[in-house]
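For reference, the structure discussed in these notes is given below.
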Amino acid sequence: TQLLEQSPQFLSIQEGENLTVYCNSSSVFSSLQWYRQEPGEGPVLLVTVVTGGEVKKLKRLTFQFGDARKDSSLHITAAQPGDTGLYLCAGLTSGTYKYIFGTGTRLKVLA
Amino acid sequence: EAGVVQSPRYKIIEKKQPVAFWCNPISGHNTLYWYLQNLGQGPELLIRYENEEAVDDSQLPKDRFSAERLKGVDSTLKIQPAELGDSAVYLCASSLDIGLFNTGELFFGEGSRLTVL
């Protein structure tokens, strides 16, 4: 069974702090996505990374896909209360076009 | 443009009762997914449809779960009989066909929260 392990599982920080969330697997993915989910809603796509070593920036969020396409990280600079939510990575397996979701990281940013 | 619509939003039933969830995907999205999500965890795929064909149902507990997508648009997920461990959020998602040039953003509905007593 393919697994995407995220760390940390929970994170509570003060507004203005930086943080990094990790997504690791022993499997290779053709692409990897990051989603954010707020309570009572479905996940919403933040970014898709496709190429090994790729780095994408979305305002205060920086996403990186590992060179071997087995892992990824999400870095948030100067976190704000609006960043609070459940962050999910999702790897797309090649050939089967099947998404495997990570275990999730619950972030709480305190004002 | 309307997003993915699911109903009901909440359902409370007693164990051994049946329950059904309905999903209307985004117009034009051929691929439809049903996921199960436990609190604070990542979604787990139950079944994936390409049009009306179930192309991946390997994680669907077929003894009590069933799904259909007649005419390749709306879909229904049924549980009969429900067990205590089925309490979770059932998410429906849709996407354009995933291929070489489309990495396929998943568009999720708000989910149907099931509580089995």
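So you know, we letter chains A, B, ... as the sequences are listed, proteins then strands, and number each from 1.
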Among the options A:Gly40, A:Ala90, A:Cys89, pick out the one with the most heavy-atom pairs lying under 4.5 Å from chain B.
A:Gly40
So which residue, A:Gly102, A:Gly104, A:Pro43, ends up with the most heavy-atom pairs under 4.5 Å with chain B?
A:Pro43
Rounded to the nearest 0.5 Å, what separation is found between the CD atom of A:Glu38 and the CD atom of B:Glu110?
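The distance works out to 11.5 Å.
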Going from NZ on A:Lys98 to CG on B:Asp56, what distance comes out if it is rounded to the nearest 0.5 angstrom?
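Going from the NZ atom of A:Lys98 to the CG atom of B:Asp56 covers 4.5 Å.
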Please determine whether the number of non-hydrogen atoms from other residues, nucleotides or ligands lying under 6.0 Å from atom [atom1] of [X] exceeds 12.
X: A:Leu58; atom1: CG; result: yes
X: B:Arg113; atom1: CZ; result: no
X: B:Lys62; atom1: NZ; result: yes
X: B:Lys11; atom1: NZ; result: no
X: B:Glu52; atom1: CD; result: yes

Is there a donor-acceptor pair under 3.5 Å between the side chain of B:Arg48 and the backbone N or O of A:Tyr99?
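No.
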If two hydrophobic side chains count as joined below 4.5 Å and joins carry through other members, does [X] share a cluster with [Y]?
X: B:Val89; Y: A:Val44; answer: no
X: A:Tyr87; Y: A:Leu32; answer: yes
X: A:Tyr22; Y: A:Trp34; answer: no
X: B:Trp34; Y: B:Leu45; answer: no

Interchain contact, [X] with chain A, by part (heavy-atom threshold 4.5 Å):
X: B:Arg9; result: side chain
X: B:Glu44; result: neither
X: B:Ser112; result: neither
X: B:Phe107; result: neither

Identify which part of A:Phe10 has an atom lying under 4.5 Å from any heavy atom of chain B, answering side chain, backbone, both or neither.
neither
Checking heavy atoms, do the side chain of A:Gln6, its backbone, both or neither come under 4.5 Å from chain B?
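Interface part for A:Gln6: neither.
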Please name the pair of heavy atoms, one in B:Gln41 and one in A:Leu86, separated by the smallest distance, quoted to 0.1 Å.
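Closest approach of B:Gln41 to A:Leu86, heavy atoms only: O-CD2, 3.9 Å.
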Which atom pair, heavy atoms only, marks the closest approach of A:Leu88 to B:Pro43?
CD1-CD, 3.8 Å
